[in-house]
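Numbered from 1 within each chain, the chains take letters A, B, ... in sequence-line order.
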Amino acid sequence: MAIMTVIEAVREAMREEMRRDASVFILGEDVGRRGGVFLATQGFIDEFGEQRVIDTPLAEAAIAGVAVGAAMAGMRPIAEVQFGDFMFPVFNQIVGEAARIRYGTNGKLHVPMVVRSPYGGHVRGGLFHSQSPEAYFAHTPGLKVVTPATPYDAKGLLKAAIRSNDPVVFLEHKRTYRAVRGEVPDGDYVVPIGVADIKRAGDAATIVTYGLTLHYSLQAAEVLAGEGVEVEVVDLRTVSPIDRETVLESVRKTSRALVVHEDNLSLGVGAEVSAIIAEHAFDSLDAPVMRVAGPDIPAMPFAPTLEAAYMPTADKIEAALRRLLEY
Amino acid sequence: MAIMTVIEAVREAMREEMRRDASVFILGEDVGRRGGVFLATQGFIDEFGEQRVIDTPLAEAAIAGVAVGAAMAGMRPIAEVQFGDFMFPVFNQIVGEAARIRYGTNGKLHVPMVVRSPYGGHVRGGLFHSQSPEAYFAHTPGLKVVTPATPYDAKGLLKAAIRSNDPVVFLEHKRTYRAVRGEVPDGDYVVPIGVADIKRAGDAATIVTYGLTLHYSLQAAEVLAGEGVEVEVVDLRTVSPIDRETVLESVRKTSRALVVHEDNLSLGVGAEVSAIIAEHAFDSLDAPVMRVAGPDIPAMPFAPTLEAAYMPTADKIEAALRRLLEY
Amino acid sequence: MAVDNASIMTQTMNDLPSGLNAEDLVDIYANMVLIRTLDERIWAMNRQGKAAIVASSQGHEAAQLASVWALRHHAKDYFCFTYYRDLAVTVSQGLTPTEALLGFLAKEGEPMSGARQFPQHGAIPDRKVINISNVVATHISHAVGWALAAKMRGEPTVVAAYMGDGATSQGEVHEAMNFASVMKLPVVFIVENNKYAISVPQHRQMNVTEVSSRAVGYGMPGVTVDGTDVVASYAACAEAVERAARGEGPSLVELDVERYLPHTSDDDDSVYRAKEEIDEARKRDPLAKLKALLQSAGLMTDERDAELRESARREVDAATDAAEAAPFPPDDDVLERVFEEVG
Amino acid sequence: MAVDNASIMTQTMNDLPSGLNAEDLVDIYANMVLIRTLDERIWAMNRQGKAAIVASSQGHEAAQLASVWALRHHAKDYFCFTYYRDLAVTVSQGLTPTEALLGFLAKEGEPMSGARQFPQHGAIPDRKVINISNVVATHISHAVGWALAAKMRGEPTVVAAYMGDGATSQGEVHEAMNFASVMKLPVVFIVENNKYAISVPQHRQMNVTEVSSRAVGYGMPGVTVDGTDVVASYAACAEAVERAARGEGPSLVELDVERYLPHTSDDDDSVYRAKEEIDEARKRDPLAKLKALLQSAGLMTDERDAELRESARREVDAATDAAEAAPFPPDDDVLERVFEEVG
Ligand SMILES: Cc1ncc(C[n+]2csc(CCOP(=O)(O)OP(=O)(O)O)c2C)c(N)n1
Ligand SMILES: Cc1ncc(C[n+]2csc(CCOP(=O)(O)OP(=O)(O)O)c2C)c(N)n1
Ligand SMILES: [Mg+2]
Ligand SMILES: [Mg+2]
C-alpha cells in the first residue's frame with residue numbers, strides 16, 4: 001500500500017488503464033508535454049506517445065465531440081476539460097449528445113468515454129475557476145457523474161469510469177488534489193460507480209455529502225464525537241445515479257439527515273438527496289432534512305474573505321448538525 | 001377581455017413592449033419574414049423592420065452572446081432559441097456569462113435580456129424536439145426562469161421578463177401554444193416574476209406544478225373533486241426563484257404535497273420543491289412528499305406509444321394523488 | 001455561387017472522371033428515380049396525416065449519390081455521418097424503402113432508432129450510416145472523432161460529414177474542421193448548399209458567396225461545384241476522398257444544390273420564397289439533368305425511364321403497405337437502453 | 001508568420017501612418033515603461049506569495065498600445081473588450097497602478113469586480129474596458145453585441161475585441177466573426193498571436209501560419225503585422241478602425257507578438273519551451289525597439305529613459321504600498337448584487 005495524493009491516484013489509474021488497454025487515449029489542452037496544468041498526465045507523452053496523448057486546440061466542444069465520435073467507433077477516450085468552469089462549452093456534446101446516443105440509436109451505438117475535469121474551489125480560483133458543475137450533469141439521464149474525495153476512491157472509480165460502456169463525467173476536486181493523502185493499494189482494483197460509502201459510522205444523525213465537503217464533514221463529526229455524539233458520514237462518491245439504498249438505510253437508522261455540498265443550494269445534488277429521503281424515509285425522520293450548501297451566488301469570489309464566506313466549512317457544518325440534533 | 005391562445009399572448013406581449021420601448025429588439029433564427037417557426041413574431045418585420053427583428057445565422061451561441069453584449073450596452077434583446085432542445089449550445093453564454101455579469105462586475109454592468117424558447121413535448125417532437133431544459137437553468141443563481149402555462153400568465157410574465165434588469169430564461173410549452181386558450185385583459189399588465197399562483201383551491205392535498213402538467217393536474221383535481229375531495233393546485237409559474245411562501249403556506253394547510261412535472265425526475269425542479277417542503281413544512285406533513293415526473297430517460301421518444309408512456313398525464317397524476325391521500 | 005449550369009449538357013461519356021463509368025451513371029439514375037418516388041410518397045403521407053414530419057431530399061439527390069459513389073470507388077472503407085435531408089445517402093447505402101417508411105410512421109422495427117427518433121435519425125452501422133442528433137452540426141465533430149479512431153487503429157476508413165449551408169455557421173463546425181486539419185484526419189466535409197437555412201437566405205447567413213472560402217483558413221482544400229451535376233459532384237468528392245485516403249487530411253466540398261420543397265412538412269415557404277425562384281431552380285432538377293445526359297449518350301430512353309419509374313412505384317407501394325401494417329413499439333420499451341444492462 | 005523584423009530599424013518619423021505623430025510615440029513609450037515596470041512588480045509580488053495569480057503582458061505591449069492609440073485617433077468613440085493579458089490596454093485606458101494592484105491583491109475598492117474576480121476581470125465602463133469572463137473567447141460575441149447596440153442607436157462607437165491565438169480555435173469566435181460580418185458591425189478583431197496557448201504551440205492549434213487567413217471566409221479584411229512594432233501595428237489597426245467607423249464592417253488584425261514569461265504565474269514553461277526560443281524572442285522586445293526608433297529620431301536619450309524608468313518605479317512603489325495597506329472586502333459582500341435590488 002502506497003500513500004499518495006488524489007492527483008497521484010488519478011495519474012496512476014490512467015497510466016494503468018492505458019497500459020492495459022490500447023483503446024484508451026487522452027485528449028485535451030496541454031495534456032502532452034505540459035502534462036496537464038495539474039500534472040495529471042505528467043510523463044504520459046513520453047510513455048504513450050503523442051498519438052495517445054493528444055494536445056488539442058483550445059476548443060472544448062471539439063474535444064468532447066471528437067471524443068464522442070471516437071468512443072462510438074470503439075475507442076475509450078479520456079477527455080480532459082482543464083477546469084470544471086469550462087464544462088459549459090461541452091454541455092451540448094455531453095448532455096445533448098453523449099448522454100443519449102445509446103438511447104437514441106436504440107442500443108446500436110454507445111459511448112465509452114470519460115470527461116475528466118478538476119472542479120470546485122477553496123483554492124482562490126475566483127468566479128471562473130471554482131465552479132461545482134456536478135448538478136447540471138447529474139440531472140441528465142444517460143450520464144454517470146462521479147465525484148471521488150479520497151485517493152483510494154479516485155483511483156478505483158476512475159478505472160471503473162474508463163471501463164464503463166457509458167459516458168462518465170468524472171469530477172476531481174482541485175483542493176483535494178494535493179491536500180488529501182491516503183492509502184492506495186498497489187495494482188488493479190475497481191470501485192463500482194453508483195455505490196456510496198460510509199466514511200464514518202454513527203447513530204445520532206446522517207450527513208450525506210461528497211467531494212471536498214466530505215473532509216469538512218468528517219471534521220465536524222469528529223468535533224461532535226468528542227462530545228460523545230456519533231454522526232454517520234455517507235460519501236455519495238457517485239452523484240448520479242445516487243445510491244438510494246445506502247442513504248436511506250443510514251437515515252432509517254439515525255432518523256436525522258443533513259445534506260452537505262459546496263455547490264450552491266438550489267437544485268444542487270442535495271435537493272435530490274433531500275427529496276429521496278423525504279419521500280422514502282418519511283416515517284423514520286425525527287427532524288426535517290436540512291441542507292448546508294454554498295449560497296445561491298454564481299460561484300465563490302476571488303478575495304479570500306469572500307471565498308471563506310461562501311465555503312461550507314467544518315464550522316458551518318457543525319453548527320447545522322447541532323441545529324439538527326436539537327430539533 | 002379577449003380570448004386567446006398562449007402563442008397569441010406571447011406575440012401580443014412582445015408587440016406591446018416593442019411599441020413601448022425602442023430598446024427592445026428580437027433576434028433569432030427565422031424570426032423575420034418567417035415570423036418564427038411557431039409564428040411568435042408573425043408580422044413583426046413589417047411593423048418593426050429588420051433592424052429590430054433580426055434573422056440570424058444558425059448559431060445559437062452567437063445569438064445568446066450577441067444578446068448579452070447588446071444588453072450590457074443598454075438594449076433589451078429578446079433572443080429566440082427555436083426549440084428548448086437547442087438551449088444547450090447557449091449554455092456557456094447564459095449560465096456561464098449572462099447569469100454572473102452583474103455579480104462579476106460588482107454591479108457595474110447588468111444584462112436585461114430574455115431568452116425565449118418553446119420547450120416540452122407531447123407534440124410528437126421526439127428525442128430532440130421535446131426537451132424540458134428548465135432545471136439546468138433553475139440551478140443557476142443570477143438567472144430567472146419562467147414557465148407560464150396560461151395565456152394570461154404568458155403575456156404578463158413575458159412583459160415582466162422584458163422589463164427585468166436581469167437575464168430571464170422564458171420557456172413556453174409548445175403544446176400549450178395552440179391547445180390552451182384563455183382570457184387576456186386588453187392592454188398593459190404585468191405578472192410579477194417569482195410569484196406562484198393558486199390555480200385551484202383545496203384542502204385535501206397540494207399539487208405543486210407548472211407548464212403543461214398544470215393542465216393535466218387540474219384535470220386530475222377535477223376528477224377528485226367529483227368525489228368531494230378538493231385538491232389545491234399551485235402553479236409555480238416561475239421555477240427560479242421558487243415562491244417558497246406560497247408553496248409552504250399551501251402545504252401547511254393541506255398537509256400533503258405532490259410535485260408534478262414533465263421533465264425527468266432526478267434533480268428536476270420537483271427535487272428542489274420537495275426539499276424545501278421537507279425542510280420547512282416538516283411538522284405539517286401527514287405523508288411523504290411525492291413526485292410524479294417524466295422517467296429518467298433523455299427525453300420522450302418519437303413513437304406515439306413511447307411518448308405516451310413517458311408523459312405524466314392526468315391519469316398518472318390522479319393515481320399518485322390517491323396514493324398520497326391514502327397514506 | 002460559381003457554377004456552370006450549361007456545361008452539363010455538353011458533357012459526354014468521354015469526359016467522365018476516373019473511377020466513374022457509364023454503368024455507374026445508369027445505376028445512380030435508377031437510385032434517383034427510386035429515391036425521388038419514395039420522397040414524394042413520404043411527403044404525400046405527411047399530407048394525409050400519416051407521417052408526422054418530413055424533410056425532403058428533392059433537389060439534393062445528385063450531390064448525395066455522387067458523394068456515395070465517390071466514397072465507394074475511392075476509399076477502401078468509408079462511413080457517412082448524415083443529416084436529416086440525406087435520404088439519398090441512407091437509401092443508396094441500403095436502408096430499404098420499407099425501413100425508411102417504418103421511420104416516417106414511427107413503427108416497431110424501425111432500424112435506426114427503434115422509432116425513438118425523428119425519421120432518418122439514429123444509426124445503421126452495418127450500412128455505414130450514422131445520424132445521431134437533430135441538433136444541427138453536432139455530428140461534425142463526431143465524424144472527426146470517428147476518423148481519428150480509424151487513423152489511430154490504422155484502418156483505411158474515409159469519413160464523410162454531411163451538412164447544410166446553415167449548419168456551417170455553427171461554432172462546432174469551425175472547431176471540428178480545424179481539429180481535423182491539425183490532425184490530418186481522413187474526413188470529407190460535404191456542404192449541401194441549398195442557399196437556405198429554413199427561411200434564412202444565404203446572404204443573411206454569411207457574407208461570402210462560397211462556403212468553401214473557409215477552407216483556406218484551416219489549411220485544407222475547398223471547392224464549390226454544381227451539386228445538381230452528378231459528374232461534377234463526383235469528381236470533386238473523389239478528389240477529396242483520395243486526399244483523405246492518402247493520409248493528407250480533410251477537404252471541404254461544397255455542392256450547390258436546390259431545395260424544391262419547404263424546409264420540412266411543418267414549414268410554409270410561400271411567406272419567404274418567391275414561386276419564380278423555385279420554378280427557376282426546377283430547371284436544374286438533378287433527375288432531368290442526368291436523364292438528359294444518359295439520353296445524349298444513348299444510355300436511356302423514355303421507355304426505360306418509364307419502366308424504372310413504374311418499378312419504383314411498385315416498390316414504394318409495397319413498402320407503404322408493409323409500414324402501415326406494422327405496429328407501434330410497445331410502451332414498456334420506453335425505459336430500455338438508457339445505460340448498458342449489466343449482469 | 002509574415003513579419004518584417006528588420007523594417008523597424010530603418011523607419012523614420014517621416015514614415016508614420018496618418019494619425020500617428022512623434023509625440024504619440026513618446027507618449028506610448030512612457031506608457032510602455034510604466035506598464036512593464038508594473039507588470040514586473042506584479043510578477044515579483046506573486047513570487048512573494050502576495051498576488052495569487054498573474055498573466056504577464058510582457059512582449060505584447062506594443063500591439064496593445066498601438067491598438068488603443070488607433071482607436072483614439074480614428075474612432076469618435078470606442079470600447080475595448082479585453083482578455084487577461086491586456087494590462088497595457090487597461091492601464092493606458094486609465095486603470096491606475098494602485099487600482100491594478102488592488103486587483104492582484106484582491107483588495108477592497110478594486111474597481112473592476114470588487115475583487116470578486118481574477119485581476120483584470122470585470123468592467124470599468126467609464127474607462128471603456130470590459131473583461132467579463134475567464135472562459136476563453138466568450139467575450140467576442142459580447143463585443144459584437146455591443147457593436148450591434150451602438151449601430152442600432154446610431155452611435156459612432158468602434159469596438160475592439162482582443163484575443164489570443166489560442167482563443168481563435170473556439171467555435172464562438174467563428175460564430176461572432178461571421179455574425180459581425182453579415183451585419184456589417186463596427187468591430188475590430190485583434191488577435192495577439194504569441195504562438196502559444198499555454199503550452200500548445202501554434203502548429204498544434206491550427207494548420208495555417210496566419211490566423212488572418214480566416215478573414216476571407218467571413219468576407220472581411222484580414223492582415224498580419226509585426227505586433228512588436230508600434231508603427232506597423234498602429235497602421236493596421238487604424239485601417240481596420242476606419243473601416244468600422246465608416247460602417248463597412250469588421251476586420252481581423254493579427255499582431256505577431258511574443259510571450260516572454262510562462263503563461264501565468266502558475267505555469268512552468270521550461271517543460272515545453274526552449275530557453276533559446278525565448279532568448280531569440282527577446283530580441284524583438286517592443287520596448288527596446290521603440291526606444292531605438294525614438295533615439296534614431298532624436299526623441300529619446302538614455303538619460304530621459306532612465307528618468308522615465310525611475311518615475312515609473314516610484315509610481316509603482318507608491319501603488320504597491322497603497323494596495324498592500326488596503327483591507328480585503330468585507331465578508332457580507334458575498335451575497336450582494338446577484339440580482340437587481342428592487343424596492
Ligand atoms: C442547433 C439547432 N438550431 C436550430 C435548429 C432548427 N433547424 C433545423 S434545420 C435548420 C436549418 C438548417 O439549414 P441547413 O443547414 O442549410 O440545411 P437544409 O435544411 O437547408 O438542408 C434549423 C434552423 C436545429 N435543429 N438545431
Ligand atoms: C474555455 C476555456 N478553456 C480553457 C481555458 C484555460 N486557458 C486559459 S488561457 C489558455 C490559453 C489561451 O491562449 P491564447 O488565447 O493564445 O492567449 P495567450 O495566453 O497566449 O495570450 C487556456 C487554455 C480557459 N480559460 N477557458
Ligand atoms: Mg440549407
Ligand atoms: Mg497565445
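- Looking at every heavy atom in both residues, S169(C) comes nearest to A59(B) through O-CB, 3.6 Å.
- Only the side chain of Q82(B) comes within less than 4.5 Å of a heavy atom in chain C; its backbone stays farther off.
- Chain C forms more heavy-atom pairs under 4.5 Å with one residue of A308(B), G125(B), A299(B) than with any other, namely G125(B).
- Taking the six-membered ring where the residue is Trp, F118(C) and H129(B) present parallel rings, their angle staying beneath 30° rather than reaching 60°.
- For D266(C), the part lying near chain B is the backbone, with the side chain staying farther off; criterion is any non-hydrogen pair under 4.5 Å.
- The residue among E29(B), R34(B), E307(B), R33(B) with the most heavy atom pairs within less than 4.5 Å of chain C is R34(B).
- Atom CZ in R204(C) sits 7.5 Å away from atom CD1 in I54(B) (nearest 0.5 Å).
- S130(B) does not touch chain C: none of its heavy atoms, backbone or side chain, sits under 4.5 Å away.
- The two residues N134(C) and F86(B) make their nearest non-hydrogen contact at O-CE2, 3.9 Å.
- Counting heavy-atom pairs under 4.5 Å between each of L105(C), D267(C), D165(C), V136(C) and chain B puts D267(C) at the top.
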side-chain contact (heavy atoms from CB on, under 4.5 Å) assessment of V338(C) paired with D296(B): CA-CA 9 Å; V338(C) 176; D296(B) 283 339; over 6 Å; no
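- Atom CD of Q51(B) has 12 or fewer neighbouring heavy atoms from other residues, nucleotides or ligands inside a 6.0 Å radius.
- Distance alone, capped at 3.5 Å, places no donor-acceptor pair between the D55(B) side chain and the V200(C) backbone.
- The structure places CZ of F128(B) at 7.5 Å from CD1 of I132(C), a figure rounded to the nearest 0.5 Å.
- A donor-acceptor pair is defined here as one N or O able to donate and one able to accept, closer than 3.5 Å; no such pair exists between the side chain of T305(B) and the backbone of D331(C).
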Audit row: I297(B), L335(C), side-chain contact (heavy atoms from CB on, under 4.5 Å) steps and yes/no: CA-CA 7 Å; I297(B) 66 170; L335(C) 299 179; 4.1 Å; yes
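- Highest contact tally toward chain B, considering only V271(C), T138(C), V173(C), is held by V271(C) [criterion: heavy-atom pairs under 4.5 Å].
- Both the backbone and the side chain of D30(B) come within contact range of chain C, with heavy atoms under 4.5 Å apart.
- How far CD of E60(B) is from CD of Q170(C): 5.0 Å, rounded to the nearest 0.5 Å.
- Per-residue counts of heavy-atom pairs under 4.5 Å with chain B were compared for A137(C), S199(C), P327(C); the largest is that of S199(C).
- Atom CZ in F302(B) sits 10.5 Å away from atom CD in Q117(C) (nearest 0.5 Å).
- For the atom pair L58(B) CG and T168(C) OG1, the distance stands at 8.5 Å (nearest 0.5 Å).
- Note that the CD atom of E336(C) and the CG atom of L306(B) stand 11.0 Å from one another [nearest 0.5 Å].
- When D268(C), D332(C), I53(C) are compared by the number of non-hydrogen pairs under 4.5 Å with chain B, D268(C) comes out ahead.
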